[in-house]
4 protein chains.
Amino acid sequence: MPEQPGPGEGRRPGRRRSEVSREAILQAATDLVVDQGYAAASIEKIAQRAGVGKQTIYRWWPSKGDVLMEALARKADTFIPLPDEGSWSADLRRMLEDSFRLGQNPQIAELLRALMVEAQLDPGFGTSFRTEFLERRRTALATLVDRARSRGDLPPGLTADFAADVVFGVIWYRLLAVPGPFDADLADHLVNLLTRTSA
Amino acid sequence: MPEQPGPGEGRRPGRRRSEVSREAILQAATDLVVDQGYAAASIEKIAQRAGVGKQTIYRWWPSKGDVLMEALARKADTFIPLPDEGSWSADLRRMLEDSFRLGQNPQIAELLRALMVEAQLDPGFGTSFRTEFLERRRTALATLVDRARSRGDLPPGLTADFAADVVFGVIWYRLLAVPGPFDADLADHLVNLLTRTSA
Amino acid sequence: MPEQPGPGEGRRPGRRRSEVSREAILQAATDLVVDQGYAAASIEKIAQRAGVGKQTIYRWWPSKGDVLMEALARKADTFIPLPDEGSWSADLRRMLEDSFRLGQNPQIAELLRALMVEAQLDPGFGTSFRTEFLERRRTALATLVDRARSRGDLPPGLTADFAADVVFGVIWYRLLAVPGPFDADLADHLVNLLTRTSA
Amino acid sequence: MPEQPGPGEGRRPGRRRSEVSREAILQAATDLVVDQGYAAASIEKIAQRAGVGKQTIYRWWPSKGDVLMEALARKADTFIPLPDEGSWSADLRRMLEDSFRLGQNPQIAELLRALMVEAQLDPGFGTSFRTEFLERRRTALATLVDRARSRGDLPPGLTADFAADVVFGVIWYRLLAVPGPFDADLADHLVNLLTRTSA
DNA sequence: ACCTAACCGAGACGGTACGTCTTGTCTTGCC
DNA sequence: GGCAAGACAAGACGTACCGTCTCGGTTAGGT
């Protein structure tokens, strides 16, 4: 069954999208953001560095933010695995370690910063960034919280929303507001904070 | 001590800075950020709306971020009072309520978002934003933590740095990533989280 | 020498040129030039309006000018009949009337203007326009001049080249430089001018 | 009375127009048209070659045609002197020689071609080119015709309009349609043609 | 009452980027 | 192999801002 076009859809005529150009654009965007800062990553420069016409970018991505989002997906495996580690604290630690690993990578950290900036500058992209990226990570954490609640090892009074505010709040704050990498023991502190039972 | 020129400095001759223009610029910047979003707040538009020459902005502020910072200071009393409320939880609650009050004000919230964006776009301003704004708030919280430690009612294992990451992380994350106002009970949750003694 | 159906020419395999597309292209080019002006008549728009792929245009015509030239030939009978009217003045009048008839037709006039513009913009087409269009009309007039010289009723001192400069100069100048149709008595004036004997 | 601004007009504030840039733009436009042909003379290239921002061109000229018109005025003394040479034939010859002198200059000839092209491509400019350039030359010739009529040495039946059609028709036709310079004896032929009395 | 210095609004300057359009070429799958 | 469709690199379009640089005009000491 070799690549059969869906029923009723057919295969439109015309030249197919160039995978080479797509890759070049995402790599150029990443390089510019990482090497020269987000302010330098104009569509113009991305196209030039990628050896690509500007139209090829505008044809496939609705905004610069979406280019960056795909560039991030290309660099980082943004899929969040949620294996059951047996306890709330182990589940949480695993998720924190996965997240921090991304934040430690300078390229990914720069892309994340750029995405949050773009979300503020372009309200349209802001919405899709929230629903397609931020919200998904909140949902993943909510799954862990639900699992803990079933198990019965969730600290009383801890809601999924509040846990997400704390976990992702700390991560984004460190990315945006505090220069330098994450402290080594930040994950420990967060796990401790969110697993201690109240008196 | 009425406006005495320091020795060696003198009062130079020449026209004095126009307070009217200064006010108009800060107000125009605020209006644009609030009404049309940060992307619309160009120096060009600020000057035009304020009825001011562009040079007057460049003469008095090193970057657009600094204009916004002063615009914020004009809108919000950014001084953080630190009266001793008698306990770590009361001190913390007081600080959270002060901070949330700012975040509830849409004008101030927009300015804060704009400042964080500008800090990412302009590395020079980023540094001064961190040291002159973000760092001061961390220091204020650290004062409360120190006071609690002296009193002996600080939860064990809680450091000033980590408390700041959590408190300001949550606030900034809500500002930047979650649309809408702060939940009413967010402060409660945070106080609970950061004051519970471990088992 | 296989591959020989016709003598020396061969009928290559493959689909034959679509006469429908050819017609549609020429009509679309004419419509665009007439309705929206030459500046609007891009290859892109011609192809779109004709419901044709751009490649089909590039495959069959070496330049936009050649499309226009063929569009003109399709609209106007560009063959110049040269019946002997018995005298220089009658021959000349007949030719002028034939030429003016074309110039009166707004569609043809627009196409002619477009051709002259294209000849300036595209030097390659300029050459072929001159040799295949302008030069032929000069040659036709030269035939009349030769005939008059044989007859002996050519005004002394009038050369074929100069007569062509005057006749076609006036026509093109009116087309390009003077808005509106040709004066009714312009032909009379030209005939008078070019047939008067010197004192 | 040194340079007094007109009453009620004043001197607007702000930096004054840069004469250096104006000159550079006109020269760059001329160079491009002459060296690389009109098709290469984009606003973009003119600005780049002149070392000037594009806005500086758009600020001062309503269209590319107007730039070319001023570039022509800078190269050629477009003022048409009309001294009384004593006879229609001498007046006419003088005007033809003035006009041909311009046409002999390759730079001016290229600019004239470009102007006529632009007049066809840009209807707005076409109107101003006709009224501000072409019409003025017709008027100048009409002055000579009037003078001849007063003197009584105008060939009967020759109107100013028709004389203009012939004179400028030949000139423009040679510029646009016939490559190479003007024939040396073209002026002679024209003078002869337009001064012979009818039988 | 001058003089000099610094500020002010206005606005032109050389640049860079925007998002769109067109050019001529290069694939596609269908006919 | 022609054809409609349409992606591609290139580059011009006219506009918006950037940060700088004049302008004429206004305040302010200092003389």
Side-chain angles (χ1 to χ4, degrees), chain A residues 5 10-18 20-22 24 39-48 50-60 63-64, chain B residues 5 10-18 20-21 40-48 50-60 63-64, chain C residues 12-18 20-21 39-48 50-60 63-64, chain D residues 5 10-18 20-22 24 39-48 50-60 63-64:
Chain A
R11 253 290 292 120
R12 283 173 312 143
R15 185 173 176 175
R16 280 209 268 289
R17 177 173 188 179
S18 161
V20 172
S21 293
R22 182 180 154 277
S42 59
I43 297 264
E44 198 102 18
K45 283 220 192 95
I46 293 172
Q48 195 172 346
V52 139
K54 282 197 286 177
Q55 198 58 253
T56 301
I57 299 179
Y58 287 109
R59 191 180 293 122
W60 297 110
S63 77
K64 194 164 65 172
Chain B
R11 258 295 292 116
R12 287 159 307 148
R15 186 172 176 174
R16 282 215 234 2
R17 177 173 186 180
S18 160
V20 171
S21 293
S42 59
I43 296 262
E44 199 97 19
K45 283 217 191 103
I46 292 171
Q48 194 170 356
V52 138
K54 282 198 290 176
Q55 196 60 253
T56 303
I57 299 179
Y58 287 110
R59 191 180 296 122
W60 296 110
S63 78
K64 194 164 64 170
Chain C
R12 286 160 305 150
R15 188 170 172 177
R16 280 211 224 34
R17 177 173 187 181
S18 159
V20 173
S21 292
S42 59
I43 297 260
E44 198 97 20
K45 284 215 191 105
I46 292 172
Q48 194 170 354
V52 138
K54 282 197 292 176
Q55 196 58 251
T56 303
I57 300 179
Y58 287 110
R59 190 179 295 121
W60 297 109
S63 78
K64 194 163 66 170
Chain D
R11 254 288 294 120
R12 281 174 310 140
R15 186 173 175 174
R16 280 210 268 290
R17 178 173 185 178
S18 160
V20 172
S21 294
R22 183 182 153 275
S42 59
I43 297 261
E44 197 103 17
K45 282 220 192 96
I46 294 172
Q48 195 172 346
V52 140
K54 280 198 287 177
Q55 198 59 251
T56 302
I57 299 178
Y58 287 110
R59 192 179 293 123
W60 296 110
S63 78
K64 193 163 65 171

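Reckoned from all heavy atoms, side chains included, excluding hydrogens, waters and symmetry mates. Sequence lines set the chain letters: A, B, ... in the order given, protein chains first and strands last, and positions in each chain run from 1.
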Of all the heavy-atom pairs spanning [X] and [Y], show the shortest one and how long it is.
X       : Y       : value
C/Ala47 : C/Gly53 : CB-C, 4.3 Å
A/Ala24 : A/Ala50 : O-CB, 3.5 Å
C/Ala41 : C/Lys64 : O-NZ, 3.2 Å
A/Ser21 : A/Ser18 : N-OG, 3.0 Å

Round to a whole Å and report the spacing from [atom1] of [X] to [atom2] of [N].
X       : N      : atom1 : atom2 : answer
A/Tyr58 : F/dC13 : OH    : P     : 18 Å
D/Ile57 : E/dC13 : CD1   : C1'   : 13 Å
A/Arg17 : E/dT27 : CZ    : C1'   : 16 Å
B/Gln48 : E/dA10 : CD    : C1'   : 11 Å
A/Arg12 : F/dA5  : CZ    : P     : 12 Å
C/Ile46 : F/dA4  : CD1   : P     : 14 Å

Where the side chain of [X] is concerned, which of [options] is the nearest nucleotide?
X       : options                : answer
B/Arg59 : E/dG24, F/dC17, E/dC7  : E/dC7
A/Glu44 : E/dT28, E/dC18, F/dG25 : E/dC18
B/Trp60 : E/dG9, E/dC7, E/dG14   : E/dC7
B/Arg16 : E/dT22, F/dG29, E/dT28 : F/dG29
C/Lys64 : E/dC8, E/dA17, E/dT23  : E/dT23
B/Lys54 : E/dT23, F/dG19, E/dG19 : F/dG19
C/Ser21 : F/dC3, E/dC18, E/dC13  : F/dC3
D/Pro13 : F/dC3, E/dA10, E/dC8   : E/dA10
C/Ser18 : F/dC3, E/dT27, E/dC8   : F/dC3

| Test: A/Arg22 cationic atom under 6.0 Å from A/Trp60 six-membered ring centre, within 45° of axis | no

| said: I want to confirm an ordering. Mapping B/Gly51 and C/Gln55 to their closest nucleotides on DNA chain E, which one lands closer to the 5' end? | reply: B/Gly51

| task | Tell me which of B/Ala50 and A/Ala40 sits closer to the 5' end of DNA chain E, going by the nucleotide each one is nearest to. | result | B/Ala50

| message | Taking donor-acceptor contacts at under 3.5 Å, does the side chain of A/Arg15 reach the base of E/dC26? | response | yes

| query | Are any of C/Ser42's side-chain N or O atoms less than 4.0 Å away from OP1 or OP2 of E/dC21? | reply | no

